[in-house]
Amino acid sequence: MYANVESRWNLPIHGTRTQPSQHISHKAHKMEAATSAAVDGAAAGAFRSVVRRIHQAAESAGRGPHQIRLVAVSKTKPVSLVRQVYDAGHRCFGENYVQELIDKAPQLPEDIEWHFIGNLQSNKVKPLLAGVPNLAMVESVDDEKIANRLDRMVESLGRKPLKVFVQVNTSGEECEWIASLLFSKNGVEPSECMELAKHVSERCLNLEFCGLMTIGMLDYSSTPENFKTLANCRSEVCKALGIEEEQCELSMGMSNDFEQAIEMGSTNVRVGSVIFGAREYAKK
């Protein structure tokens, strides 16, 4: 699974491995990154700080840094900031909104590997796949309908098989009930993820099932229980599909908790505000 991992994971940057004497506390790292990202031209520096923290977290957990993919999430941020991080050597970026990704992708180099990580509606599948030829993965497949739509459209457009994660709601029944009132669904229930993973693997021939993803709680924070739930889901999915756990990735961990997620087995962390600064939303 991890052959040629440095190229695949797009993580290691020359000169970023930190010596023990250079260790900085987690809190200090967050303050440093948040401050630097707010200053024009510092996104690349904030990115390198995150890479160092990923190296440290992986080494502390007895894992190789090459086993973790960093998805730099540029939601609401201008192309100029994405370009800074690209010029620092990174190639894997994520977006939450279809139209924003369609607008950004043509303005940036074609060797970027884009991950779509937001809620995906069926009527947005064709614009997304047609408008972003270098879309590498959809991390938010949460029901058979969207899986089938992606599968048919990949075939229709003549694209190579698309990598996908099945998104799992690990926040619990109470949070899901609140979410049903305030937000769109944030993943399939843990008890149903095995069936959805089997559907993608066995019936969607134009999709490549690569693993599981979770956001965590409604405020985008996570707890160890969220991460444990996703890891337990992986065990069940791998048993059902007859594959090794190393063949099923875990996408968990964001700006506030990616180090803990790495400690608990994450292979894919989605980091945005620590690199690019706080989100900027248009006032309505």
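Side-chain contact between Y86 and D111: present, with at least one pair of heavy atoms (C-beta onward) separated by less than 4.5 Å.
There is a side-chain donor-acceptor pair under 3.5 Å between D103 and Q99.
Looking at S201, its side chain does come within 3.5 Å of a backbone N or O of A197 through a donor-acceptor pair. Side-chain atoms of D142 never come within 3.5 Å of backbone atoms of Q167 as a donor-acceptor pair (strictly under, hydrogens ignored). Not a single donor-acceptor pair under 3.5 Å links the side chain of S140 to the backbone N or O of N119. A donor-acceptor pair is defined here as one N or O able to donate and one able to accept, closer than 3.5 Å; no such pair exists between the side chain of R270 and the backbone of A72. Within the 3.5 Å criterion, the main-chain N or O of T76 finds a donor-acceptor partner in the side chain of E100.
In summary, of the residues considered (M252, R63, E59, H55), a side chain to side chain contact (heavy atoms under 4.5 Å, CB included) with I262 occurs for R63 alone. When K75, H115, K104 are each tested for a side-chain hydrogen bond (donor to acceptor under 3.5 Å, both in side chains) with E95, only one passes: K104. When each of E245, E249, E244 is tested with R234 by the rule salt bridge (charged side-chain N to carboxylate O under 4.0 Å, His left out), just one qualifies, namely E245.
For residues 190-199, the set of pairs meeting the side chain to side chain donor-acceptor pair (under 3.5 Å) definition, not counting sequence neighbours, comprises N148-H199.
With values rounded to the nearest 0.5 angstrom, L212 atom CG is found 4.0 Å from C248 atom SG. Here the straight-line distance linking atom CZ of F209 with atom CD1 of I243 works out to 6.0 Å at 0.5 Å rounding.
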Quick one, T267 with Q67, criterion side chain to side chain donor-acceptor pair (under 3.5 Å). Give me CA distance, side-chain angles, the key distance, then yes/no.
CA-CA 6 Å; T267 63; Q67 293 178 297; over 6 Å; no
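At a threshold of 4.0 Å, the pair R53-E259 counts as salt-bridged, since one of the basic side-chain nitrogens sits closer than that to a carboxylate oxygen.
Minimum heavy-atom separation, A105 to N134: CB-OD1, 4.4 Å.
For R203, the CZ atom is loosely surrounded, since the number of other residues' heavy atoms within 6.0 Å does not exceed 12.
Residues L135 and L150 fall within the same hydrophobic cluster, defined by Ile, Leu, Val, Met, Phe, Trp and Tyr side chains chained together at heavy-atom separations under 4.5 Å.
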